[in-house]
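Before any comments, here is the structure.
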Amino acid sequence: MKSDDIMRMAEDHLIHTYNRYPIVLDHGEGVYLYDVEGKKYLDFGAGIAVFALGYNNKEFNDAIKAQVDKLVHTSNLFYNEPTAEAAEALTEACGMDKVFFTNSGTEAIEGALKLAKKFGFERDGRTDHEIIAMDHSFHGRSMGALALTGNKHYQEAFGPMIPGIKFAKYNDLESVKELINEKTVAIIMETVQGEGGIYPANREFIEGVRALCDEKDMLLIFDEIQCGMGRTGKLYAFEHYGVVPDVMTTAKALGQGIPVGAFLARGKAADVLVPGDHGSTYGGNPLAGTAVCTTLRMFKERKLTEHVTEIAPYLEEKLDELVSKYDCVTARRGKGLIQGIVVNVTPSDIIKKCLDKGLILFTAGADVIRFVPPLIIEKEHVDEMIDKLSEAIEEL
Ligand SMILES: *Cc1c(COP(=O)(O)O)cnc(C)c1O
């Protein structure tokens, strides 16, 4: 089928919740994607920070195919080996005690939210607990995750939100303190805000919220769905700060495109949920377990976090050059291979020009172009990206 026909078919039948770029992707190889007409794109979006290992990775694909031929699904009423291994590998890798596997990031947030509410219920028997989230945060689109998302525009048509969610200013400890009372049961934040515009947390802020949670017997929840899985040069971004959360969520690159997420808990939070409290038909099925095991093993074997630490300064340097060279690029922010440049023109105008030139980039927030490439990129890919992006900016 031709691109036009495929796009028309999709638009005729899919609920129009996305304004898609007029490109029909067909296959991928390494850090490149190809559309159905055979046009090649350098991908600095990685399917929204998912494809860390790059496309069509033979070792990963072989592991998935072998499991498909063996057993894809069992329900959680039985045990299976890949998921037991995935649970051990993931908890050990991030220093948490227990994990619950989900099918998406949003569901990981829902689980963390329920865990926090139950923790509060056991703490003091109340059912009117409050949770502090951050302005400009993004945690997902379901009713619980949406209630935690600090973006009025996303919430507007869908009220009432679940009650008891208050919003503090990211990186402003005083604004968090002001919201705390005896009902407060948890603080949730992204370690590096993604969708909101690529804002890394300050050390003092992270240390401050940890201290507050310890002092008031509240749970600290880090959403590492986008910034985790090696993207910042550590497997999880919180490792940069020497601060450990009580609950953590992960997804996106966790399964390299096989839909899987997880929430993890530590210490007093690890045994809060008991049989009957939570569940999922698919969550942590053998295919998802295989994806997680294989991803973690390959990250280790390929020393991907070390590679990110090596390559990221080069990307930062090249993006900083854009800030000094072009008036319309006003700042750079980020950590490792989750970077953003702030522009004073419409970001999607630049992005559309980049697509014409065979470069995929995404926005983040209203004025940021986001860079979340596969973690396997090399300097030559950074150079190619900068050349194409520079051309696009100059043409504007
Ligand atoms: C993408 C994202 C989510 C939602 O994950 P889905 O897999 O889309 O449900 C939640 N939190 C953050 C920080 C994200 O980037």
Side-chain angles (χ1 to χ4, degrees), residues 15 17-18 20 44-52 90 94 99-116 131 133-151 154-155 158 162 165 167 170-171 186-201 206 220-232 235-238 245 247-264 280 282-284 288 291-292 295 333-340 362-365 368 370-373 375:
I15 293 179
T17 54
Y18 283 97
R20 294 167 205 266
F44 264 63
I48 317 190
V50 168
F51 257 96
L90 186 58
C94 65
V99 58
F100 183 103
F101 287 110
T102 64
N103 311 293
S104 67
T106 301
E107 284 170 83
I109 294 290
E110 292 295 323
L113 183 59
K114 279 180 72 178
L115 194 159
I131 293 176
M134 301 296 148
D135 283 341
H136 307 297
S137 61
F138 181 84
H139 298 293
R141 306 295 199 135
S142 62
M143 289 311 299
L146 183 61
L148 295 167
T149 289
N151 182 330
Y154 287 167
Q155 296 183 344
F158 304 101
I162 65 163
I165 313 295
F167 289 93
Y170 196 68
N171 282 334
I187 299 175
I188 181 166
M189 59 184 279
E190 294 153 88
T191 325
V192 179
Q193 285 193 332
E195 305 295 318
I198 320 294
Y199 290 94
I206 291 253
L220 179 58
I221 307 171
F222 285 159
D223 180 348
E224 291 257 356
I225 290 169
Q226 186 158 167
C227 62
M229 289 309 292
R231 189 152 287 284
T232 64
L235 189 63
Y236 287 98
F238 70 76
V247 177
M248 185 194 88
T249 59
T250 178
K252 289 200 163 88
L254 183 63
Q256 306 303 303
I258 300 297
V260 58
F263 64 95
L264 295 105
S280 168
Y282 288 147
V292 173
T295 299
R333 288 193 294 262
K335 211 173 180 63
L337 291 183
I338 175 166
Q339 295 284 339
F362 300 137
T363 58
V368 172
R370 160 167 43 171
F371 304 83
V372 284
L375 303 186

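For ligands, and for the atoms within them, numbers begin at 1 and follow the listed sequence. For the numbers below, each heavy atom of this structure counts, side chains included, while hydrogens, waters and symmetry mates do not.
- Under the rule for a side-chain hydrogen bond (donor to acceptor under 3.5 Å, both in side chains), the partners of Thr232 that lie at least two apart in sequence or sit in another chain are His240.
- Between Thr249 and the choices Thr106, Asp223, Leu113, Thr102, the side chain to side chain contact (heavy atoms under 4.5 Å, CB included) rule is met once, by Asp223.
- Residues that satisfy the side chain to side chain contact (heavy atoms under 4.5 Å, CB included) test with Phe167, not counting sequence neighbours, are Ala133, Asp135, Ser137, Gln155, Ile165.
- Judged by distance alone, the side chains of Ser142 and Glu110 do bring a donor and an acceptor atom under 3.5 Å apart.
- Near ligand 1, Ser104, Gly105, Thr106, Phe138, His139, Glu190, Asp223, Ile225, Gln226, Lys252 each place a heavy atom less than 4.0 angstrom from the ligand.
- Remark: Lys114 engages His278 in a side-chain hydrogen bond (donor to acceptor under 3.5 Å, both in side chains) (not counting sequence neighbours).
- Using modelled atom types and a 3.5 Å distance limit, the side chains of Gln193 and Gln226 yield no donor-acceptor pair.
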